[in-house]
Amino acid sequence: MAFRKVASLSDLWSGEKLGLQVDGKRLLLVHVGDAVHAYEDSCPHKGVALSLGHLEEDRLVCSAHNWEYNICTGEGINPRSARLKRLEVKVDNGDILVDLDGRQQPGSASQAPDAGA
Ligand code: FES
């Protein structure tokens with residue numbers, strides 16, 4: 001497991017999403033409430049970047065064909081069978097660190113205790 005800094009928490013306020021490219025990998029960061037989530041920035045439907053989509057609280061709608069995801073769990077809302085590829089993320093001293101090679105267990109996220117501070 002190799003965490004790398006990919007952004008600063010000051011770059012991603014609560015309620016925002018951010019698309020990044022790191023080592024050729026497309027990465028989506030989303031800050032919801034006090035938690036930061038990381039996913040591969042690719043819609044399971046046709047691979048369009050989810051960072052181009054629309055975020056409403058904990059729901060992300062893909063810009064291409066309107067598939068919907070719960071961005072806190074990575075699970076599909078419409079269709080329910082879809083699932084995002086989640087990456088392990090943690091916040092350390094204001095830095096957002098992601099394990100670009102690993103996968104996170106469903107339902108977990110990194111808390112951002114200094115969000116909004
Ligand atoms: S590529 Fe996202 S809904 Fe089709």
Side-chain angles (χ1 to χ4, degrees):
M1 192 175 292
F3 283 94
R4 278 187 55 182
K5 178 183 175 181
V6 296
S8 296
L9 196 57
S10 59
D11 297 329
L12 186 70
W13 292 11
S14 184
E16 292 184 335
K17 59 181 168 47
L18 180 64
L20 300 169
Q21 189 144 1
V22 181
D23 292 344
K25 294 182 180 180
R26 295 187 304 173
L27 178 66
L28 171 68
L29 298 176
V30 184
H31 190 167
V32 178
D34 291 334
V36 176
H37 306 274
Y39 297 95
E40 290 184 13
D41 191 9
S42 177
C43 180
H45 181 215
K46 299 278 186 181
V48 172
L50 290 165
S51 56
L52 301 175
H54 180 67
L55 181 65
E56 289 179 25
E57 298 182 1
D58 63 352
R59 189 169 59 107
L60 181 69
V61 181
C62 181
S63 63
H65 312 102
N66 298 322
W67 282 26
E68 299 178 27
Y69 303 93
N70 180 320
I71 207 63
C72 295
T73 65
E75 295 179 358
I77 297 171
N78 186 17
R80 283 199 172 281
S81 58
R83 185 173 195 82
L84 302 182
K85 293 177 182 171
R86 191 176 185 94
L87 299 168
E88 192 163 353
V89 59
K90 62 183 179 182
V91 177
D92 183 23
N93 204 23
D95 293 334
I96 300 172
L97 307 154
V98 174
D99 180 4
L100 295 169
D101 299 319
R103 294 277 169 81
Q104 188 177 28
Q105 296 301 313
S108 59
S110 178
Q111 298 298 308
D114 51 346

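Atoms within a ligand are numbered from 1 in the order they appear, just like the ligands themselves.
- D99 places no side-chain N or O within 3.5 Å of a backbone atom of E88 that could act as its donor or acceptor partner.
- Salt-bridge annotation for D101 and R4: absent, with no side-chain N of the basic residue lying under 4.0 Å from a carboxylate O of the acidic one.
- In this structure, NZ on K25 lies 13.0 Å from OG on S42, to the nearest 0.5 angstrom.
- Ranked by closest heavy atom to atom 4 (Fe) of ligand 1, the top entry among K46, E68, H65 is H65.
- Those atoms of ligand 1 that come under 4.0 Å of a heavy atom in C43, given as number and element, are 1 (S), 2 (Fe), 3 (S).
- To the nearest 0.5 Å, atom CZ of residue R86 and atom OH of residue Y39 are 3.5 Å apart.
- Near W67, the atoms of ligand 1 lying under 4.0 angstrom from a non-hydrogen atom of the residue are 3 (S).
- Looking only at distances, a side-chain donor or acceptor of K17 sits under 3.5 Å from a matching main-chain atom of S51.
- Summary: ND1 is the N/O/S atom of H45 found nearest to atom 4 (Fe) of ligand 1.
- Among the atoms of C62, an N, O or S atom falls under 2.8 Å of atom 2 (Fe) of ligand 1.
- Atoms of ligand 1 lying under 4.0 Å from any heavy atom of V48, numbered from 1 in the order shown and given with element: 1 (S).
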